[in-house]
Amino acid sequence: MAAIGKNIQRARRLLSGGKLVAIPTETVYGLAANALNEFAVAEIFAVKNRPTYNPLIVHIGQSDELKKYVAEVPPIAEKLIEKFWPGPLTLLLPKKENIPAIITASLPHVAIRVPDHPLTLKLLQMLDFPLAAPSANPFCYISPTRPGHVQQQIGEKIPYILDGGPCEQGVESTIVGFENNTPVVFRLGAITPEEIEEVAGEVKVHKQTGCRPLSPGMLPYHYSPRTPLYLTDKVEELLEKHGSAETGIITFHKTMENLPQEHLAILSPTANMRQAASNLYHSLHRLDGMNLKRIIAERLPETGLGRTINERLKKAAGRTAAESW
Ligand code: TXA
Ligand code: MG
């Protein structure tokens, strides 16, 4: 199993030696390696069982470093950086030669951000290389928002988890590219399109592509059984149909009396979207660990962060065939 601790020097030594370390960010835990070391980066793909056509995000310690790795920064990107970095905004920008092809899956753009977590910022500022870091979960599984989630899923494959506590945002960064100086959201995330619009004017939201392995066989068998998840506006109806004995429920803010209370995860008792986002993955991890027959999740209002949360829940439900409802 991985050691868990707050020792930044230990993390620095491991990373400098080409090893992997799980690092906290404000969004989710990342599985980090030296982004300029292709061998270390290849190990990320191996540990996650992630296909190499899926590129990685590069993390830097301050905005000033951006120009070391990207060839051009459009003026609108400068404005977004000013407003949102450090923070959960990842920008797609034309890469320089020094970013290895394995990072971008040979694409001409690199995804790059300054994360907003005190431990990881300190670590990045001590390193003389940037960190490549996807979410620290096996490919296509629930992202980790606590050290325990990382330990449980990939702990035996990595030496160290830097413990930064629970992730404040709880959903991944928003990924933004540019078409003729207009921002295009390629992944909904912790910063909403509306918030980007306030800084940048018109924003497009790209149709989501999702997380699809080439074939089910690419996923290792022991990860495979996962509780089927249903996303619905009518939680009570589905609960009545299936019964409460082996059913987990995720609601936005509603309490529900007619089921064992440990089967229930209320994302935010005060109906606060930000709190709901930060509790989302932990609730999924918790209920998924209970060996229930199914999880029924309530759709949130499709506004602001609700849109990001619904999109993640829809993907979590992706494995559950509609006919089994
Ligand atoms: O919040 C986050 O972004 C977290 C933390 C650790 O920073 N990271 C994260 O990484 O979510 P990952 O690998 O789980 O998701 C990154 C997404 C993938 O869907 C990938 O396809 C896309 O970013 N991506 C990365 N580089 C890209 C590129 N050059 N062009 C297009 N998409 C890219
Ligand atoms: Mg991920």
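When a ligand or atom number is given, it counts from 1 through the structure's own listing order.
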_Looking at Glu302 and Lys314, is any side-chain nitrogen of the basic one under 4.0 Å from a carboxylate oxygen of the acidic one?_
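No, this pair does not count.
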_Can you tell whether the side chains of Glu298 and Lys254 come within less than 4.0 Å, N to carboxylate O?_
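Yes, this pair counts.
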Could you name each residue pair satisfying ring pair (Phe, Tyr, Trp, His ring centres under 6.0 Å) that touches [range], not counting sequence neighbours?
{"range": "residues 273-304", "result": "His149-His282, His149-His285"}
{"range": "residues 18-45", "result": "none"}
{"range": "residues 251-276", "result": "none"}

*With the Mg ion (ligand 2) as the centre, enumerate protein N/O/S atoms below 2.8 Å in chain and residue order.*
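The answer is Ser135 OG.
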_Just to be sure I read this right, does ligand 1 sit under 4.0 Å from the backbone of Leu92, its side chain, both, or neither, counting only heavy atoms?_
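Side chain only.
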*Quick one: look up the protein heavy atom nearest atom 8 (N) of ligand 1 and list residue, atom name and how far away it is.*
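Closest protein heavy atom to atom 8 (N) of ligand 1: Ala133 O, 3.7 Å.
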When only distance counts, is [X] in polar contact with ligand 1, meaning an N/O pair under 3.5 Å?
{"X": "Lys48", "answer": "no"}
{"X": "Thr25", "answer": "no"}
{"X": "Glu172", "answer": "no"}
{"X": "Thr104", "answer": "no"}
{"X": "Tyr29", "answer": "no"}

*Would a 4.5 Å heavy-atom cut-off, applied to side chains only, mark Met273 and Pro301 as touching?*
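They are in contact (side-chain heavy atoms under 4.5 Å apart), so the answer is yes.
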